[in-house]
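The block underneath contains the structure these notes are about, expressed in structure tokens.
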2 protein chains.
Amino acid sequence: MNFDDKIPIYYQIENYIYHEIITGALKPGEKLPSVRQLAVDVTANVNTVQRALSEMITAEIIESKRGRGNFVTMETAKIDQLKVKLVTAQLERVYDQLHALNLSDDEIVTSLQQYIQQRGQAK
Amino acid sequence: MNFDDKIPIYYQIENYIYHEIITGALKPGEKLPSVRQLAVDVTANVNTVQRALSEMITAEIIESKRGRGNFVTMETAKIDQLKVKLVTAQLERVYDQLHALNLSDDEIVTSLQQYIQQRGQAK
DNA sequence: CCTAGTGTTATATTTTACTATTACACTATA
DNA sequence: TATAGTGTAATAGTAAAATATAACACTAGG
């Protein structure tokens, strides 16, 4: 896993696992890979991975069973809320950043459309 | 200045000053506040501010004159390039994040439009 | 020439993040 | 009962970021 050196590694691991859960790569009730396995997979220390998981446990997105594993919550409402929260956070962030560069609302939408179009053609 | 504790402070200061330059709050050729003044303004250490400025000097967005001050570059092409770079980076980031959540291109644009609409109504 | 203000750098300390290593507690299975 | 695998936590060391403090070099103006 490639880490952005501007953001704490545990935070990026957390975000990555949230993505796995939201997209259904990890389903409600499904067991996560063990802490040790995840550490190997993402190339980080066990304690760093455990740091990420702890926050996810606190957020009630995963449940921990000592000796058994960590499991994705069965409460799909929580996963839906998590998705909304992450999507909104991203939109808010990009909007604030571009708005702060004096782009109008229309310009923000248009530049995203143009960016997507360019991406499509780059493939 | 409110700092995001997930991102290095010098990096946020750099980004903040780039915004001032791109929006014209700081104009080409204009002198920046002194390092000591900036440190007070943003509530950070002089060395941290100097760290931010050093990167901007290396990027040739500002010019340093020891004993006189730091000045915004007169080359507006560089400022234009910086704007494009920052805008593109933001769009890339939000696109990657939302794409990784399995939103389609249309959904990404639509959710941004809806977000902006909601923002307008919340005021 | 002196002073105030400027940028730049160095040193030391603190804080936070990360790693390496080890060990403990729990669980399931043979 | 023993073993392998699980989660959790502790300790120690390293690195990066941030701060505090001090000092040096340059500039402009009185």
Side-chain angles (χ1 to χ4, degrees), chain A residues 1-18 20-21 26-74 78, chain B residues 1-18 20-21 26-74 78:
Chain A
M1 179 168 167
N2 289 329
F3 291 118
D4 178 342
D5 70 352
K6 295 291 188 290
I7 298 173
I9 291 178
Y10 72 86
Y11 197 72
Q12 296 180 62
I13 295 172
E14 190 179 338
N15 193 54
Y16 161 71
I17 298 175
Y18 279 153
E20 297 284 270
I21 293 172
L26 285 169
K27 298 178 180 5
E30 186 171 340
K31 189 166 101 104
L32 270 67
S34 73
V35 179
R36 288 172 182 81
Q37 185 58 50
L38 272 172
V40 171
D41 291 344
V42 304
T43 317
N45 190 263
V46 173
N47 292 324
T48 305
V49 173
Q50 182 61 32
R51 170 80 192 258
L53 296 181
S54 291
E55 295 202 351
M56 300 173 72
I57 292 165
T58 300
E60 296 184 350
I61 298 301
I62 63 173
E63 289 170 53
S64 169
K65 307 282 186 165
R66 184 196 283 233
R68 292 178 60 197
N70 290 303
F71 299 83
V72 180
T73 183
M74 294 288 283
K78 281 190 187 303
Chain B
M1 179 168 166
N2 290 327
F3 291 119
D4 179 343
D5 69 354
K6 295 292 189 289
I7 298 174
I9 290 177
Y10 74 87
Y11 198 72
Q12 295 179 63
I13 294 170
E14 191 179 337
N15 193 54
Y16 161 73
I17 298 174
Y18 279 153
E20 298 284 271
I21 293 172
L26 286 171
K27 296 178 180 7
E30 186 170 338
K31 191 167 99 109
L32 271 66
S34 75
V35 180
R36 289 172 181 80
Q37 186 58 51
L38 272 170
V40 171
D41 290 346
V42 305
T43 318
N45 189 264
V46 173
N47 290 326
T48 306
V49 174
Q50 183 61 33
R51 169 81 192 259
L53 296 181
S54 291
E55 295 204 351
M56 301 172 70
I57 291 165
T58 300
E60 294 185 352
I61 299 301
I62 64 175
E63 289 170 53
S64 169
K65 308 280 185 166
R66 183 196 285 236
R68 292 178 60 195
N70 290 303
F71 299 83
V72 179
T73 182
M74 293 287 284
K78 283 195 188 299

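Chain naming here is simple, since letters A, B, ... match the order of the sequence lines and numbering starts at 1 in each.
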Gap between atoms CD and P, on Gln50(A) and dA23(C) respectively (whole Å): 19 Å

Check: Asn70(A) and Met56(A) side chains under 4.5 Å, non-hydrogen atoms: no

Footprint string (nucleotides 20-30 of chain D, 5' to 3'): B base within contact, S backbone only, - free, heavy atoms under 4.0 Å: BB-B-BBSS--

Flag side-chain contact, heavy atom, 4.5 Å: Ile13(B) against Phe3(B): yes

Rounded distance (Å) that lies between atom C1' of dA18(D) and atom CG of Leu38(B): 17 Å

CG-CD distance between Asn15(B) and Glu55(B), expressed to the nearest 0.5 angstrom: 11.5 Å

Interface residues of residues 4-13 of chain A with DNA chain C (non-hydrogen, below 4.0 angstrom): Pro8(A), Ile9(A), Tyr10(A)

Glu30(B) side chain to Lys27(B) backbone, donor-acceptor under 3.5 Å: yes

Spacing between Phe71(A) atom CZ and dT27(C) atom C1', to the nearest angstrom: 10 Å

Between P of dT6(C) and CG of Leu32(B), the distance in whole Å: 12 Å

Contact under 4.0 Å: Asn70(B) side-chain N or O vs dT6(C) OP1/OP2: no

Thr43(B) side, atom OG1; Asn2(B) side, atom CG - distance, nearest 0.5 Å: 9.0 Å

Heavy-atom closest contact (Met1(A) atom, Gln12(A) atom, distance): CE-O, 3.6 Å

Interatomic distance where CZ belongs to Arg51(A) and P belongs to dC18(C) [whole Å]: 7 Å

Interatomic distance where CD belongs to Glu55(B) and P belongs to dT8(C) [whole Å]: 14 Å

Any Thr48(A) side-chain N or O less than 4.0 Å from OP1/OP2 of dA17(C): no

Check: Val42(B) and Ile9(B) side chains under 4.5 Å, non-hydrogen atoms: no

Criterion side-chain contact (heavy atoms from CB on, under 4.5 Å) on Leu53(A) and Ile17(A), from CA distance to verdict: CA-CA 9 Å; Leu53(A) 296 181; Ile17(A) 298 175; 3.8 Å; yes

Ile62(B) CD1 to dT6(C) P, straight-line distance once rounded to whole Å: 15 Å

Closest approach of Gly29(B) to Phe71(B) (non-hydrogen atoms, all atoms of both residues): O-CD2, 3.6 Å

Spacing between Leu53(A) atom CG and dT6(D) atom P, to the nearest angstrom: 13 Å

Ser64(B) side chain near dT8(C) phosphate (N/O to OP1/OP2, under 4.0 Å): yes

